[in-house]
Amino acid sequence: MGKHGKRGGGRGRGGRRGGPATRGRPNGTGDWKTTDVADLKNASFEEYYKTQGIVPEAEWDQFLTALKTELPTTFRVTGSRAHADTINNLIKDVYVPTMHEVELDGVTYDAPKPIVWYPEELAWEIAAPKRVVRKNEAFKKFQKFLVGETDVGNLSRQEAVSMIPPLLMDVEPHHCCLDMCAAPGSKTAQIIEALNPYHTESTGLLIANDADYKRTHMLVHQTARMPSKGLLVTNCDASMFPNISLANNETLKFDRILADVPCSGDGTMRKNMEIWKKWLPSDGNSLHIVQLRILHRAMNMLKPGGRLVYSTCSFNPSENEAVVAAALNAHPGEFSIVDVSDKLPGLKRRPGITSWKVGTNGPDGTVYHESYEAYKVARDETPNEEEKGKKKELASTLWAPDNATELGLERSLRLLPHDQNTGGFFVCVLEKAAAPVAPSVPKVDIDALPEMGDVEATDEKGSVSLKRALSPSAESAEGTEPQAKKARAPGQAPKKKERPDLAFREDPFSFVDPAHDEVAIIVDWFGLNNEFPRNNLLVRNADGSPHRTIYIASDLVKAIVENNDYTRLRMISAGIKAFIRQDSQARMDIPCKWRVSGDGIDEVLQYVPDDRVVQATVAELYTFLENMYPPIDTFTPPFKTHLEAAQLGNMLVRFAAGEDATSGGKLALPLDMPVWKARQSMSLLIDKREKSVLSNRVFGRDICNPVPFIKGSNVSTEASSTVASGTATPATENEEAAVNAPALESKLKHEITGAEEIKE
Ligand SMILES: C[S@@+](CC[C@H](N)C(=O)[O-])C[C@H]1O[C@@H](n2cnc3c(N)ncnc32)[C@H](O)[C@@H]1O
């Protein structure tokens, strides 16, 4: 220990000995079933946070007790969906009354209740933890409902405090938004909802980015549940997020940015119990630089007058106030912390702090360093050079700056677990001045701060690595390049154009010629009107050929795709999957081999005249769900007459709102669905899981029959190879096998993306 440091209390039981915070944190969240609460302790953690004063002394025991208690289950109803009210009413009227005072293992749980501060009572808390909800009979039906509706995008299971940052972004449908560290995508989903309110045409944009390639595929899966033509998923290191060019050499700036940065995650100890064993004071210090670089980059990409939300699921001032203070001082006079005390009424929050201590791991416990200067002296005096070399140098920005009290840090929000039975969180809302005021303090030079090397972070679900995207091309704005990138000889001109990143292996993006024959076939088949955005049809190949999937992208996404090298921006996906080729070489009598994808139906239907949409009833929906391939004969006129008159291929059907006395089914709102007409039979073009969820919602039970075995072909293998290869060429004459593709497509999607991981 350096003589200038103050020594704090002892190491927590089971604490890690030495070693950086970069290794050793196992994946996974721990298991409450096998957890002994007596083991949930860490003396360093307790001492560190008592020292920081983030919790009033009188509340310390409550704070600690809450941290050692299992979290309640929370979820929210997808607010932008037409069915939000239907779903919310089902919860209120059908499920909640069955769950009053459920008792398990001597504990009585209250019925689920709306989270008071969440707008329109669309978020819910079930007092019982997930583990209990899963196994208890009283909750079983509700649990099934939750899982099903989550699958189809009507519900999102999400920790309550994690819902706060997107709400404070104040997103409007015309905004250009960036979610810098987005995976697995809970907050991304909220931003998409805010950008696309029900029945409002959104002109906005959301770029959902994550540095971890695998996790970007979780994002793609998550966002497919709420398709948006203004969505782009990218895989960049947020601290070096590339400038995005638009036409006329304009650079895209954002109205709203979320920097939900990688963090030590000690606010998630109620579900990631491993942290109790592993926590060290240095964890937060290691992450400070990457967090600061991400926030700094966000600030440079924000429009004047724009809003930026910085958040972590950590209590640590090193990752919170220290980052915000340093970022503000790197942009003096440009940004202010927004007072959001009148937002989300009912949410208990604590103010940010203006003074804090910086602690490092010492051989006998935490060493607190009064100031950066004192730390430097102590470090320089460390006799053992080898020891010194092992430790990364701390950044001066970890310490509270002299002007800490003038920065308005207390306007940040600290969410403490005992206030409303949640995890811990930190949120700070920053606004960029329309016209910056003259700086009154010296500017912090972020590029001059030391690098921290590889570190490991935690999110709501467990540990995540800070894998940097391998982009060699992160261009920079206004002097935001990291040190390494900046090195160039005085007078040397900056590189004009970045080269493509050849290591990036995703398929290219290009737009289909609006005069292409296949576009004409689609337009003609579905009767698409003149408003249909023929110019915005995107495919995943270099020459714009519509081989197997056609996406629809917004004008802004199109401008981005066309004006930027897709490998430099590391584009993973864009727009809405709208049309899928349902090919069959053997079936020349199918005039249009394209079907509307389930994701794309709402988008496509806007351009379809009403008389091209076939009207059906709840009773007909029953027939479609009860039988995978209902013969046309099982329907009655006038629906049957329409079916008989139609050509083979995709039809769009609207099931009218109403009730069916025979089946007991009830549709509160009309439901639009793509269906396929084969020679003898029909089929709903949604996957099996979605059918079951729909059946439960409309008929109160699952009436769907399993996939029949089709003689001469293994349907699954057949259709899945169709989907996987994308060539959609069923080997048999059996067209029903071909239309089963959506089910398998969904199955594959799950397998490919590891969707379970984000499903809880
Ligand atoms: C706290 S999690 C984000 C949670 C997410 N916002 C949500 O609500 O679901 C942090 C994410 O940052 C990503 N990440 C880590 N370092 C990054 C970097 N330099 N740039 C961009 N993303 C990064 C991690 O892969 C991780 O997915």
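Atoms within a ligand are numbered from 1 in the order they appear, just like the ligands themselves.
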What orientation do F63 and F45 show, parallel under 30°, tilted 30 to 60°, or perpendicular over 60°? parallel
inquiry  = Determine whether a donor-acceptor pair (N or O, by modelled atom type, separation under 3.5 Å) exists between the side chain of S202 and the backbone of G204.
reply    = yes
Of A183, P165, C236, the one whose closest heavy atom lies nearest atom 3 (C) of ligand 1 is A183
Numbered in order shown, the ligand 1 atoms found under 4.0 Å of a heavy atom of V261 are 1 (C)
**OP:** For residues M226 and T78, determine if any side-chain heavy atom of one lies less than 4.5 Å from a side-chain heavy atom of the other.
**Re:** yes
Exercise. Please check if any side-chain donor atom of T234 sits under 3.5 Å from a side-chain acceptor atom of N209, or the reverse.
Key: yes
Within-cut-off N or O pair, P262 and ligand 1, under 3.5 Å
no
Does ligand 1 have any atom that is closer than 4.0 Å to a heavy atom of T188?
no
Check this for me - ligand 1, V290, N or O atoms closer than 3.5 angstrom, yes or no? no
Discussion item. Regarding ligand 1, does S186 bring an N or O atom to under 3.5 Å of one of the ligand's N or O atoms?
Written reply: yes
Residues passing the ring-ring contact (aromatic ring centres under 6.0 Å, His included) test with Y566, sequence neighbours excluded, are none
Step through the shown structure and confirm whether more than 12 heavy atoms of other residues, nucleotides or ligands are within 6.0 Å of NZ on K68. yes
Open item on the list: Would S239 count as a polar contact of ligand 1, with the cut-off being nitrogen or oxygen pairs under 3.5 Å?
Closed with: no
Taken in chain and number order and not counting sequence neighbours, the residues that satisfy side chain to side chain donor-acceptor pair (under 3.5 Å) with K348 are none
Next item on the list: Would you check the N or O atoms of D179, main chain and side chain alike, for any that come under 3.5 Å of an N or O of ligand 1?
Entry: no
Query raised in the report: If you measure every N/O of D237 against every N/O of ligand 1, is any gap under 3.5 Å?
Result: yes
Q) Is it true that the side chains of N421 and R270 contain a donor and an acceptor less than 3.5 Å apart? A) yes
salt_bridge(D599, K577) N-O dist < 4.0 Å = no
**Message:** Tell me whether A182 reaches ligand 1 (any heavy atom closer than 4.0 angstrom to a ligand atom).
**Reply:** yes
Heavy-atom proximity to atom 8 (O) of ligand 1 ranks first, among E159, R215, M240, K187, for K187
Notebook entry, point to check: Taking distance alone, with no angle check, do D212 and ligand 1 share an N/O pair under 3.5 Å?
Noted result: no
Closest to atom 18 (C) of ligand 1 (heavy atoms only, candidates A211, G185, A259, P184) is A211
Under 4.0 Å from one or more heavy atoms of A238, ligand 1 contributes atoms 18 (C), 19 (N), 20 (N), 21 (C)
